[in-house]
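So the structure is just underneath, and the comments pick up after that.
In what follows, every chain begins at residue 1, and chains take the letters A, B, ... in the order their sequences are listed. Heavy atoms only: backbone and side chains are in, while hydrogens, waters and symmetry mates are out.
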Amino acid sequence: MSVVLESIAGAIGRRYRALRTSRTLATFCANPLNVAGLSIVTAITIAAIIGPLVAPYDPATQDLANRLQGPSLAHPFGTDQLGRDILSRILYGARLSLGIAVAVTGIRLVLGTTIGLLAGYAGGWVDEALMRLVDIQLAFPGLVLALVIAGILGPSLRNVMLALAVVGWASYARLVRGTVLATKERDFVRAARLMNVSRFRIATRHLLPNVAGPVVVLATLNMGTVILGTAGLSFIGLGAQPPTPEWGTMLADGRHHLRTAWWIANVPGVVIMCTVLGFTLLGDGLRDMLDPNHETTLEKPT
Amino acid sequence: MDTASYLVHRFGTSLVVLTGVSIITYGLLFLTPGDPAEVILSQQLDRQPSEAEIEAFRAEQGMDEPVPLQYGDWLTDVLRGDLGTSYYSDASVTGLILDALPLTLELAAASVVVALALAIPTGVLSAVHRGTAIDRASQLGALIGVSMPNFWLGYLLILVFALTLGVLPVAGAGSYSQLVLPAITLGTGMAAVLTRLVRSSMLEVLDEGYLDTARSKGLRERIVIYKHALRNALVPVVTILGVQLGALLNGAVVIEIVFQRPGLGMLLVDAVFERNYPVVQGITLFTAVAFVVTNLLVDLSYRYLDPRVELGGDPA
Amino acid sequence: MTTTPPTLEYGPDDAATPDDEVTSLLAVENLQVQFGTHDGPVRAVDGVSFSVEPGETVGIVGESGCGKSVTARSIIGLQEPGEVVGGTVHIDGVNVHEADDRARRQLRGDTVSMVFQDPDQTLNPAFDVGEQIAESLKVHDQPEQQRLLDYLHAPLFASRSDWRDHRERAVELMDQVGIDDPADRVDDYPHEFSGGMRQRAGLAIALASDPDLLIADEPTTALDTTTQAQLLDRLRRLTDERNMATLLITHDLGVVADICDRVVVLYAGQVMETGPTDRVLAEPHHPYTRALLECRTSQAARKRRVPTIEGTVPERLGEQPGCPFAPRCPAAVDTCQEGEPPTFERDDGTVRCREGVVFGESDDDGGSGLVYGNGETQCGGGDSSTASATASARTANPPPRTNAGTDSLVSLEGVSKRYQQAGGLLRRLLGTDRNLQAVDDVTLEIAAGETLGLVGESGSGKSTLANLVTGLETPTSGAVRFDGTLVGAAETRTAATLRDVGVVFQNPRSSLNPRLPVAQVIAEPLHANGWDEQRRRDRVSELLESVGLSERHAERYPHELSGGQLQRVAIARAIALDPRLVVLDEPVSALDVSVQARILNLLLELQRELELTYLLISHDLDVVEHVSDRVVVLSNGEVVEAGPTERVLVDPSHPETAALVEAVPRLEHSSQ
Amino acid sequence: AETSLDDEADGTFTIVPTADPTGTGDDWDSWGGMAPYWTRVIEPLVWGTDGMQPQPWLATDWTATDDTTWVFDLREGVTFHNGEEMTADDVVHSFEEDILTDRGDFVHGWLHLEPGSVDRIDDYTVSFETTEPFPGFPGTIAHNMIDIQPPEADRRDAEIIGTGPFTLAEIEQGQQLRVERFEDYWGGAPEPTELTFRAAEDATTRTDLLVAGEVDLIHEPATSRISGLRERDDVRIETQQSSGSVFVSINIHREPTDDADLRRALNYAISQEEIVNTVLENIGQPARGPLSTVIDWAADEELPAYERDRDRARDLVSQSSYDGEEISCLVENDMDDGRTLVQILQEEFGKINVNLDVEVLEGPSLRDRTDRGEFHLELGTSQSNSPAADYIMWENFHTMGISNKDLYEADGTGLHNLGGEVDELIETGFQSHDPDEKREAYVAAQREIMDAGVVIPLFYREYVVAADAELEGFDLHPIDKFAQWGELTRTT
Ligand SMILES: Nc1ncnc2c1ncn2[C@@H]1O[C@H](COP(=O)(O)OP(=O)(O)OP(=O)(O)O)[C@@H](O)[C@H]1O
Ligand SMILES: Nc1ncnc2c1ncn2[C@@H]1O[C@H](COP(=O)(O)OP(=O)(O)OP(=O)(O)O)[C@@H](O)[C@H]1O
Ligand SMILES: [Mg+2]
Ligand SMILES: [Mg+2]
């Protein structure tokens with residue numbers, strides 16, 4: 001295990017150096033959209049970390065006398081139907097919404113990558129069986145299955161997470177398997193086989209690093225999808241239980257006030273939109289940076 | 001692989017997948033906290049059933065048999081087209097689905113049209129003007145489309161087009177004007193995904209040598225782009241379109257609620273909330289089967305779209 | 001050769017020639033094309049001038065990256081994403097870059113056509129071949145009536161009868177370019193064609209507009225020699241028949257010798273030399289031309305060092321004074337590094353070089369006085385200085401020759417390899433699985449210390465055979481013995497056997513993990529054999545030195561190295577554990593001529609030093625001839641001929657071999 | 001809003017009730033694609049007055065001939081939509097087949113009738129034999145579901161033949177239902193020629209439909225929109241006190257809410273006025289008891305008032321056995337304003353150091369939990385859909401009421417049943433023919449219930465109908481489903 005850690009540390013070091021010296025970072029920064037994505041994600045992450053410390057109010061404390069107040073100095077994003085400060089709720093919600101996204105994406109990633117690696121590397125009937133499993137998962141429209149699962153289990157954030165995690169892993173499995181299969185047939189892996197390099201080492205040194213790029217990209221893009229999925233389930237009524245300041249639930253609750261107190265719905269709406277946008281932009285940027293096509297272009301003989 | 005054996009292979013795997021799908025669908029029942037028989041019965045009776053009643057019910061429904069046998073019975077019925085009967089009315093689930101289906105299909109079709117009409121020109125324009133302000137703007141526009149929770153977009157559209165401008169109806173189903181807003185809501189989300197895809201796939205194609213061959217013939221740029229490039233760029237787009245049809249159903253669930261369209265989505269949500277398991281199972285199974293079949297068709301359409309595709313070649 | 005007073009042409013100022021003076025079919029004047037990159041604009045074409053007269057065949061040669069393709073594409077106005085920043089191109093008196101879209105389309109539809117390098121890239125995979133040729137015919141007929149819906153064959157908007165006519169004419173054209181059964185093949189899609197047929201279809205598209213000028217950008221590079229010969233032959237006949245002018249771009253001097261009337265030698269975006277083919281090949285004036293000619297393996301004695309051009313074609317970033325070739329030029333003098341070299345116009349062409357160098361030394365010494373490629377002493381690009389230096393000391397030694405059969409290292413006994421075509425369920429059920437006999441009952445031996453060359457057409461089973469030796473594949477029947485012991489798949493071989501076999505693959509880039517730095521790539525086999533850190537480090541530096549790389553390359557990633565350097569890394573890795581056999585599967589075919597020569601030198605030298613046995617696969621007979629002791633010819637998986645190199649390649653007994661040998665374009669053919 | 005309406009032919013109106021008029025898919029309250037409420041296609045024997053008293057309808061009179069026998073005289077000259085006249089046979093058929101047989105046992109307990117107990121005496125007289133003395137019988141059958149249809153009707157197959165002022169014309173499942181004027185209506189042909197009932201179960205959507213001018217009248221606009229609607233000239237807002245009330249019912253058989261001190265503390269924590277004045281936009285009356293004051297024996301004034309008094313509440317909490325654990329409060333997901341109200345409870349209880357865990361659940365899950373008694377509080381609405389509101393007392397608070405019976409029989413507990421004296425008082429009230437005696441008994445029971453803090457009353461419901469300002473003649477009723485559309489007109 002320590003060997004792996006050591007090699008990972010080494011790889012990170014080299015990667016960092018490569019990043020600093022190579023043009024990839026410049027490529028990333030050249031597109032203002034990428035920079036925007038990175039900034040948004042950074043901002044949201046910071047909000048999630050320190051949000052509760054800087055929030056001006058408690059997210060659950062009601063103030064019926066000051067309900068439905070428009071944006072003002074005291075309440076920059078206004079107050080909701082129970083007089084709660086929306087800014088504070090958004091800040092507390094950041095941790096929750098991001099947490100869900102990270103957790104769900106994490107489960108999907110680990111599950112999907114493991115299955116994909118196994119299928120791609122083992123091949124044969126293992127591959128066949130695992131890929132059918134993937135097909136089965138993919139056969140269900142994601143939100144529909146999530147809705148059914150969450151619905152049967154009952155409304156709660158935990159169930160939403162579970163339902164969303166169960167439905168999204170297959171794309172990772174497919175991606176990883178595809179990359180593994182393609183990489184496995186590349187000459188450098190064949191060469192490694194001929195050099196008596198152990199299977200484990202081939203998997204960790206040659207296959208995983210080549211899989212990591214696309215997986216990171218997918219995971220980044222996935223963060224956005226999960227946030228949207230959570231919002232969708234919240235709207236249907238399977239989201240967080242009150243008074244949890246989860247963004248999707250806030251947006252869903254606020255829609256009744258869209259005409260009378262636009263900020264209740266639109267603030268979480270815009271925040272969700274920006275977050276998803278941020279992750280998508282970042283994912284696109286990372287893809288530009290880590291694009292496997294980038295390498296194939298290099299590999300094309302002139 | 002020739003077409004015939006590909007078809008056999010593809011149908012074979014689809015069959016395996018469908019079997020898996022049916023097992024999962026059937027298994028949903030066992031996700032319920034508690035004893036399914038008791039849950040069903042208390043639903044039907046609207047009160048807590050007694051032990052004796054539960055036993056009787058089990059025997060009557062064959063629920064005292066081993067689970068695989070129960071599944072077998074259920075599957076036999078399903079294969080006969082009998083998805084069971086709603087717990088709350090005598091309505092057959094198949095009938096309920098068939099009643100609700102046209103509205104959902106109508107919405108899906110209209111959304112696809114909206115999506116393609118938006119995505120293809122935008123994506124092509126964006127790719128052709130890569131790196132320019134036009135490109136950035138359309139990319140950002142597309143991204144905003146994907147980033148908005150679609151129920152929010154739906155309500156905002158209602159606010160603008162139905163309430164403020166008064167040009168389109170708020171909700172409901174039946175007339176074409178009532179289809180416009182839901183189709184736009186669902187279509188834009190999908191268009192956003194497709195625009196990005198058309199763009200990237202066009203970008204890849206735009207580098208291809210055969211476009212230069214086409215240009216060197218003296219063809220107009222319009223024909224080069226919309227005939228030679230787009231045709232090839234559409235191949236991955238169609239794949240995603242197939243997957244997106246599944247996503248359409250995801251979206252339809254929400255959109256149908258927003259716009260009060262009693263389609264499959266609304267039927268499903270109601271059934272989930274009512275714990276109307278036969279309906280839930282029926283719709284889940286139906287959508288999954290529809291999805292598998294769509295994807296099969298999409299796969300087969302490759303042969304037409306991209307003659308290079310050896311059917312059955314692994315995409316990897 | 002008498003020297004006429006040179007006319008000095010300087011810089012871009014006097015580049016523009018008034019339109020009325022243009023008489024040539026194609027006149028390129030001081031063309032400059034730039035590409036914007038991260039590091040600033042790259043001057044891909046940097047003041048190219050030449051002309052093509054009606055009916056004439058002109059060749060453009062030069063190393064990879066010299067700007068040949070960019071020049072060709074700029075001629076028909078396809079320089080995107082580059083930008084023409086200076087100069088003019090006139091076709092038939094029309095200034096291509098100032099013409100409007102319409103006029104340019106008219107030119108392309110009427111006057112000039114182009115055939116592109118890569119047959120896989122030439123044809124649109126989504127449309128059948130007939131459609132693509134018919135389209136070209138239609139544009140030619142009705143250049144101004146191009147409606148999108150018509151071309152999309154949208155019902156009601158497209159005239160079916162019109163298209164049917166064009167399709168019929170397409171069949172005729174296919175017949176003319178030499179596609180058999182054109183009526184049957186017209187509905188085929190490009191992927192159903194072989195490479196040669198695709199290139200022919202590309203030619204048919206180009207000929208559809210009955211052009212006055214045909215530009216062919218490396219039309220045969222991707223094809224095997226037999227196909228190449230057929231296609232060139234066809235091209236020659238067609239141009240004669242139609243009195244069509246041809247601009248042929250190639251890096252293969254043999255091809256040039258074969259069919260060109262005149263040659264333009266391009267280097268770093270500049271024209272180095274022009275002149276009649278015979279003169280240029282026989283008496284090159286420019287040092288670069290001479291270097292190019294000499295680094296062909298066919299020029300060198302067998303198993304001897306091939307002269308090389310050290311260094312690489314520079315990327316022309318920004319303003320760089322002096323002759324671009326100066327850093328690599330053995331005849332360079334200080335003045336070469338500054339100012340523009342002058343262009344001398346002579347009656348037999350032009351030469352762009354400092355006067356003294358060109359006419360003085362080369363004329364006197366007839367070229368033999370210069371040792372090209374001795375990088376250490378004369379060139380700046382000392383990538384492989386060590387290797388070259390050590391090599392020169394041994395050049396004199398006679399190549400080791402072992403008596404085949406006495407001491408066989410590898411022996412194949414009746415080895416066959418059958419692949420099951422992916423047949424699918426139905427086939428499996430019906431038992432109609434198609435089998436593909438990739439290697440068929442091959443018996444051969446490789447003696448210790450010798451170099452066995454393996455040749456054959458594409459798909460004849462060369463790589464499969466190599467894989468059987470290395471253990472990447474297991475034979476369906478027969479036995480593979482290494483040093484007398486039966487060996488199977490790599491996974492089942494002992495560590496010792498694995499250590500004894502090294503492999504170098506065709507494509508250096510794909511054989512190195514792009515995510516590992518060079519040092520780790522080379523250390524991989526050492527690691528696998530349990531060497532400790534310190535030993536590994538020492539061995540890596542040793543290896544880097546012996547393949548002619550410096551320590552500073554060790555920490556680089558593959559994408560930071562050139563193709564030649566990468567192949568050195570791959571070789572270093574292959575020899576890391578002191579193998580006895582090295583399997584080389586097309587080790588140089590992805591490389592440029594000059595780089596190829598350097599790698600071959602390295603291989604020869606290593607063989608001598610380490611007493612290696614080589615199994616060399618190549619489709620390039622010159623390469624095989626240069627380095628192998630014995631040659632085995634494969635056809636359809638079977639050995640059709642085997643024997644000492646001299647005998648097999650000079651006096652082939654099997655028609656297959658004869659065809660292979662015959663197809664190789666050589667300078668010598670044309671001079672006969 | 002006006003423009004689109006002006007174009008319409010007069011006499012056609014579009015109405016949006018709170019529930020889907022084409023039925024919820026639930027067999028119980030919809031048949032053949034139609035919910036019987038709202039649409040006035042079918043009618044019962046008895047109707048209800050605005051004061052929640054039984055009122056002659058298809059029956060003109062009724063008498064109890066003994067403790068358990070009721071004789072009803074039918075109205076003569078009532079024609080069904082198929083042109084046939086309604087006679088006793090139709091009444092017997094409707095009760096015996098449609099109501100008592102088809103709908104199952106549940107109805108037997110509710111109506112206190114068993115199959116075979118309805119008899120024809122002559123063409124216009126029918127007798128009913130109740131299973132036990134049941135003075136509330138006429139009021140109980142004054143219910144939309146207890147309708148009269150001829151044997152030719154096939155209600156399962158959308159063959160609905162009623163006696164009402166409108167005939168069923170067209171159903172679009174889940175979307176809308178159209179009815180047309182019935183010229184031969186026994187009460188005289190109604191004004192509107194055609195009514196369309198549209199489905200829009202979401203309050204915001206309903207409001208939007210009205211504001212966009214797509215419909216003429218909606219029930220229950222979204223609370224948040226009411227003040228906005230009031231300011232509009234083109235919209236008319238009517239409010240009507242309903243027979244319903246909203247309260248929190250407490251599981252008194254589960255720790256720690258089995259402690260009356262805690263329950264009283266919870267009552268002291270809430271200010272009903274504040275709730276009504278803020279989140280309810282002044283729609284509704286602050287409540288003291290569980291029953292809407294339109295019910296004549298609702299006790300309101302006579303009940304002890306729990307004014308908000310947090311100090312007292314905190315004292316009570318510390319006296320009680322409560323030691324800081326979370327107590328659960330369930331609310332059904334489709335209850336209007338339910339999420340908001342329950343959060344107010346949470347906040348207010350927090351202020352007296354009681355931790356409330358809120359669970360918004362869909363119907364079946366909620367019922368599952370309440371059936372098992374696995375909850376502490378439940379926020380809900382109790383509403384009578386017939387003038388006889390007795391069953392609210394019985395089913396909620398009597399040990400043998402539907403809420404309590406199962407658990408009581410299973411393990412001697414129940415949910416909201418104090419038992420003993422309260423049971424007796426409810427029985428007395430239930431069986432009394434004398435209004436004063438009945439009232440006295442029920443008031444006493446309600447007082448006991450409130451004393452013990454079995455419920456936390458929140459407010460007596462008012463419901464709102466918003467319509468196009470030009471609309472006139474809509475007749476609202478405490479039971480919102482009793483609204484009559486016969487005089488609906490448009491002033492131009
Ligand atoms: N799209 C591009 N972007 C940037 N630089 C380019 C581009 N295309 C060509 N170049 C540069 O122009 C120079 C000439 O390229 P060109 O393709 O003409 O070479 P070539 O002589 O045809 O080589 P080869 O024999 O490999 O085809 C190269 O140095 C290359 O870096
Ligand atoms: N893994 C495989 N599965 C099926 N067929 C294969 C496989 N590998 C090679 N073949 C087939 O075996 C035959 C010999 O292939 P091989 O790669 O050995 O040819 P080659 O002589 O190396 O050709 P080239 O010069 O193009 O590299 C070809 O027809 C090829 O299609
Ligand atoms: Mg080129
Ligand atoms: Mg090969």
Look at [options] and state which one has the largest set of heavy-atom pairs under 4.5 Å with chain B.
options                                : value
A:Ala265, A:Ala252, A:Gly154           : A:Ala252
A:Leu175, A:Ile152, A:Val276           : A:Ile152
A:Ile136, A:Leu133, A:Thr275           : A:Ile136
A:Gly151, A:Gly278, A:Ala36, A:Gly120  : A:Gly151
A:Thr280, A:Ile272, A:Ile236, A:Asp135 : A:Ile236
A:Phe140, A:Phe279, A:Trp262           : A:Phe140

Next item on the list: Taking atom CZ of A:Arg132 as the centre, report whether more than 12 heavy atoms of other residues, nucleotides or ligands fall under 6.0 Å from it.
Entry: yes
Next item on the list: Step through the shown structure and confirm whether more than 12 heavy atoms of other residues, nucleotides or ligands are within 6.0 Å of CZ on B:Phe161.
Entry: no
Heavy-atom distances under 4.5 Å only: say whether [X] touches chain A with side chain, backbone, both or neither.
X        : answer
B:Val253 : side chain
B:Ile144 : both
B:Val289 : neither
B:Leu159 : side chain
B:Phe151 : side chain

Let me confirm one number: the [atom1]-[atom2] distance from [X] to [Y], rounded to the nearest 0.5 Å.
X        : Y        : atom1 : atom2 : answer
B:Leu153 : A:Met273 : CG    : CE    : 10.5 Å
B:Tyr155 : A:His256 : OH    : NE2   : 7.0 Å
B:Leu268 : A:Leu147 : CG    : CG    : 5.0 Å
B:Leu156 : A:Arg255 : CG    : CZ    : 12.5 Å
B:Ile24  : A:Gln137 : CD1   : CD    : 8.5 Å

Does some side-chain heavy atom of [Y] sit less than 4.5 Å from a side-chain heavy atom of [X]?
X        : Y        : answer
B:Thr287 : A:Leu145 : no
B:Arg196 : A:Asp284 : yes
A:Val270 : B:Trp152 : yes

So what's closer than 4.5 Å to chain B heavy atoms on [X]: side chain, backbone, both or neither?
X        : result
A:Asn266 : both
A:Ile227 : neither
A:Leu33  : side chain
A:Val180 : neither
A:Leu228 : side chain

Item checked: Heavy-atom pairs under 4.5 Å with chain A, option from B:Asn150, B:Ile257, B:Asn295, B:Leu163 with the top count -> B:Leu163
Checklist line | Option that, when pairs with chain A are counted at under 4.5 Å, heavy atom only, ranks first among B:Leu28, B:Val292, B:Leu248, B:Val280 | finding: B:Leu28
Margin query: Going by side-chain contact (heavy atoms from CB on, under 4.5 Å), name the residues that satisfy it together with A:Leu143, two or more places apart in sequence or in a different chain.
Written below: A:Leu233, B:Asn250, B:Val254
